[in-house]
Amino acid sequence: MRIKDIFLGILACGAFVFASCSDDDFTESQSALNVVSAETSFAAAGGEKYINVAGPIVSAYSKHPWLTVSLTGSTITMNASVNGDSQSRNTIVVMKASETDSIVVNVSQLGARYEFTAPERLCVLSHGVSEVKLPILHTIPANPVPSASWIKVRETEDYLIFTFDAAQPGETRTAYVDIDAKIQRDRIEIVQYDIRGSYTLAGKTLRGANIALNGELKAGGNGSKLVFAPADYEGVEVPVEFVADKNALRFYGGQYCGTNAGYYIYTVLADTKLNKQTYDSSYFMDGVLSSTSAENSCTIEDAGSWEGRVINMFRLGKSATENAANVRTSLVDIVDPKLYSTVSAAKPIETVK
């Protein structure tokens, strides 16, 4: 055998012996703890979740203060605070069996989403229990706090719902609601007042003559809705909706208003320039309330929702049956209507701008 081959053989044996000794001396460290189950993802709103472990656990802690942990037996309770940032965040929970034996679990929390356009003021009626729903898109609490006991606010997934207790007849009162979502803070002024009383619905006839219906704006049958009852037409009460976030009175098409002279009376909306009318109850006319020291009035305007047509006429139509679609003749037509009322100079009605 050549000397070169002998030398290579000795090197190969030495390498084998070295590798064998290295493997014998190495032992992988393994914890005495084992994670049985873990809820490791939090919503932006925070909350409580758990980690369950097997083994002799003696302590647990979080690397960041937004997540607090407590240990009871083999269960780690995690409490995450609200994440007021749009960015998500992460931390780890460290669990120890001893000073030299620990395991970790990664925990994450989603970033906040909060979209809410708060009006500066809500005007609400004093009679009956009224409710206003404002849309909100949020993954964290809005935390609304009213300044008065007659205001209640609750949160749902899609709305902040405001409820207002009735006031005394003729009473006007003001309070506010603070909303603190951490990521955004708002204050909404609440003005509650009584707009019931004597009103006039005025405008022009189709021939251009002046026309005016005197009547009462009063509570409807359930005590919280409004109706306008013209004095000249017995049995007729026109449903009126008060829209709090606009401080407006709303008149819908296709609303049943009672009977008069043997006919069923319904509201109809019309575009006089195109000679089109609708009794569809999804269309409406809005009148934004405005005030001076002596007069509360609203010009009723097109809602802009009837296929691009300009609604400029309010009609009380007559039907021989209980069906708005069967309106064939008119009880009264009012073009460019305006509803106004004289109010006390000492209690002017505020206007939402």
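From a predicted model like this one, the values you see are computed outputs, not experimental measurements.
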message = Looking at every non-hydrogen atom in both residues, tell me the closest pair between Asp333 and Ile211 and how far apart they are.
response = O-CD1, 4.0 Å
task = Please check if atom CD in Glu234 has more than 12 non-hydrogen atoms from other residues, nucleotides or ligands closer than 6.0 Å.
result = no
key: Co-membership, hydrophobic cluster, residues Ile57 and Val69, 4.5 Å side-chain   = yes
ask   = Any donor-acceptor pair under 3.5 Å linking the side chain of Thr267 with the backbone of Gln255?
value = yes
task = Would you mind reporting whether Ser198 and Glu216 have side-chain heavy atoms less than 4.5 Å apart?
result = yes
inquiry  = Within the 4.5 Å heavy-atom criterion, are Leu134 and Phe162 side-chain neighbours or not?
reply    = yes
inquiry  = Counting only heavy atoms not in Tyr263 (residues, nucleotides, ligands), do more than 12 fall under 6.0 Å from its OH?
reply    = no
ask   = If Ile, Leu, Val, Met, Phe, Trp and Tyr residues are connected whenever their side-chain heavy atoms lie under 4.5 Å apart, and connections chain through other members, are Val327 and Val332 in the same group?
value = no
inquiry  = In this structure, is the centre-to-centre distance between the rings of Tyr266 and Tyr279 below 6.0 Å?
reply    = no
task = Given side-chain contact (heavy atoms from CB on, under 4.5 Å), test Leu110 with Asn83 step by step and report yes or no.
result = CA-CA 8 Å; Leu110 295 174; Asn83 184 5; over 6 Å; no
query = Between Lys49 (side chain) and Ser41 (backbone), is there a donor-acceptor pair under 3.5 Å?
reply = yes
request  = For Ser319 and Ala324, indicate whether the former's side chain and the latter's backbone hold a donor-acceptor pair under 3.5 Å.
outcome  = no
inquiry  = Students often mix this up, so state it plainly: with edges at 30° and 60°, are the rings of Trp66 and Phe42 parallel, tilted or perpendicular?
reply    = perpendicular
query = Passes side-chain contact (heavy atoms from CB on, under 4.5 Å), Asn90 versus Asn106? Steps please.
reply = CA-CA 7 Å; Asn90 300 274; Asn106 293 307; over 6 Å; no
key: Euclidean distance, Arg315 CZ relative to Met313 CE, rounded to 0.5 Å   = 3.5 Å
query = Hey, does the side chain of Thr72 reach the backbone of Thr75 with a donor-acceptor pair shorter than 3.5 angstrom?
reply = no
ask   = Which pair of non-hydrogen atoms, one from Asn214 and one from Phe228, has the smallest distance, and what is that distance?
value = C-CZ, 4.3 Å
task = Using modelled atom types only, decide if a donor and an acceptor are shared between the side chain of Asp280 and the backbone of Gly253 within a distance under 3.5 Å.
result = no
key: Main-chain N/O of Asp180 paired to Asn143 side chain as donor or acceptor, under 3.5 Å   = yes
ask   = At what distance, to the nearest 0.5 angstrom, does CG of Asp186 lie from CD of Glu120?
value = 10.5 Å
key: side-chain contact (heavy atoms from CB on, under 4.5 Å) between Asp194 and Glu171, intermediate numbers included   = CA-CA 6 Å; Asp194 192 346; Glu171 180 181 4; over 6 Å; no
Close side-chain approach of Leu213 to Tyr199, heavy-atom, < 4.5 Å = no
query = Given side chains that start at C-beta, do those of Met95 and Ile51 come closer than 4.5 Å, heavy atoms only?
reply = yes
note = Minimal heavy-atom distance between Cys257 and Val238, with the atoms involved, is SG-CA, 4.0 Å
key: Ser130 versus Val124, closest heavy-atom pair with distance   = OG-CB, 4.2 Å
query = Do Leu160 and Ile179 come within less than 4.5 Å of each other through their side chains, counting heavy atoms only?
reply = yes
remark   = dist Ile183:CD1 -> Thr139:OG1 (nearest 0.5 Å) comes out at 8.0 Å
ask   = Would Asn260 and Leu316 count as a side-chain contact (heavy atoms from CB on, under 4.5 Å) if you check the C-alpha gap in whole Å, the side-chain angles of each, and the deciding distance to 0.1 Å?
value = CA-CA 11 Å; Asn260 179 267; Leu316 290 178; over 6 Å; no
Least distance between heavy atoms, Ala142 atom then Glu155 atom = N-OE1, 2.9 Å
inquiry  = Between Met285 and Pro337, is there a side-chain heavy-atom distance shorter than 4.5 Å?
reply    = yes
inquiry  = Classify the ring geometry of Phe314 against Phe251: parallel below 30°, tilted from 30° to 60°, perpendicular beyond 60°.
reply    = perpendicular
key: Hydrophobic cluster membership, Leu217 vs Val243, 4.5 Å side-chain cutoff   = no
request  = Give, for atom CG of Asp232 and atom CG of Leu331, the distance between the pair rounded to the nearest 0.5 Å.
outcome  = 9.5 Å
message = Looking at Lys182, I want to see if its NZ is surrounded by more than 12 non-hydrogen atoms of other residues, nucleotides or ligands under 6.0 Å.
response = no
inquiry  = Has Gln109 got a side-chain atom pairing as donor or acceptor with Ser81's backbone, closer than 3.5 angstrom?
reply    = yes
message = Could you check whether any side-chain N or O of Gln192 sits under 3.5 Å from a backbone N or O of Leu125, counting only pairs where one atom can act as donor and the other as acceptor?
response = yes
request  = Would you mind reporting whether Val129 and Thr163 have side-chain heavy atoms less than 4.5 Å apart?
outcome  = yes
request  = Report whether Ile161 and Leu122 are members of the same hydrophobic cluster (ILVMFWY, side-chain heavy atoms less than 4.5 Å apart, transitive linking).
outcome  = no
inquiry  = Would you say that more than 12 heavy atoms from the other residues, nucleotides or ligands in this model lie under 6.0 Å from the CD of Glu99, or not?
reply    = no
task = Decide, yes or no, whether a salt bridge links Glu115 with Arg113 under the criterion of side-chain N to carboxylate O below 4.0 Å.
result = yes
task = Report yes if the side chains of Glu241 and Phe284 come closer than 4.5 Å at any heavy-atom pair, otherwise no.
result = no
inquiry  = Ignoring hydrogens, what is the shortest heavy-atom contact between Met78 and Val93? Give both atom names and the distance.
reply    = SD-CG2, 3.9 Å
query = Would a distance-only check, ignoring hydrogens and angles, find a side-chain to backbone donor-acceptor pair under 3.5 Å from Ser147 to Tyr176?
reply = yes
ask   = Ignoring hydrogens and geometry, is there a side-chain-to-backbone donor-acceptor pair from His138 to Ala112 under 3.5 Å?
value = no
inquiry  = With rounding to the nearest 0.5 angstrom, report the OG1 to CD distance, Thr68 to Glu48.
reply    = 9.0 Å
note = Separation between CG (Leu137) and CD (Glu157), nearest 0.5 Å, reads 9.0 Å
query = How far apart are the C-alpha atoms of Glu322 and Tyr256, what are their side-chain angles, what is the distance that settles it, and do they pass the side-chain hydrogen bond (donor to acceptor under 3.5 Å, both in side chains) test?
reply = CA-CA 8 Å; Glu322 292 186 79; Tyr256 176 65; 5.2 Å; no
inquiry  = If the condition is side-chain hydrogen bond (donor to acceptor under 3.5 Å, both in side chains), which residues does Asn79 pass it with, not counting sequence neighbours?
reply    = none
ask   = Should Ile188 and Ile151 be regarded as members of a common hydrophobic cluster, given that ILVMFWY residues are connected when their side-chain heavy atoms come within less than 4.5 Å of each other, either directly or indirectly?
value = yes
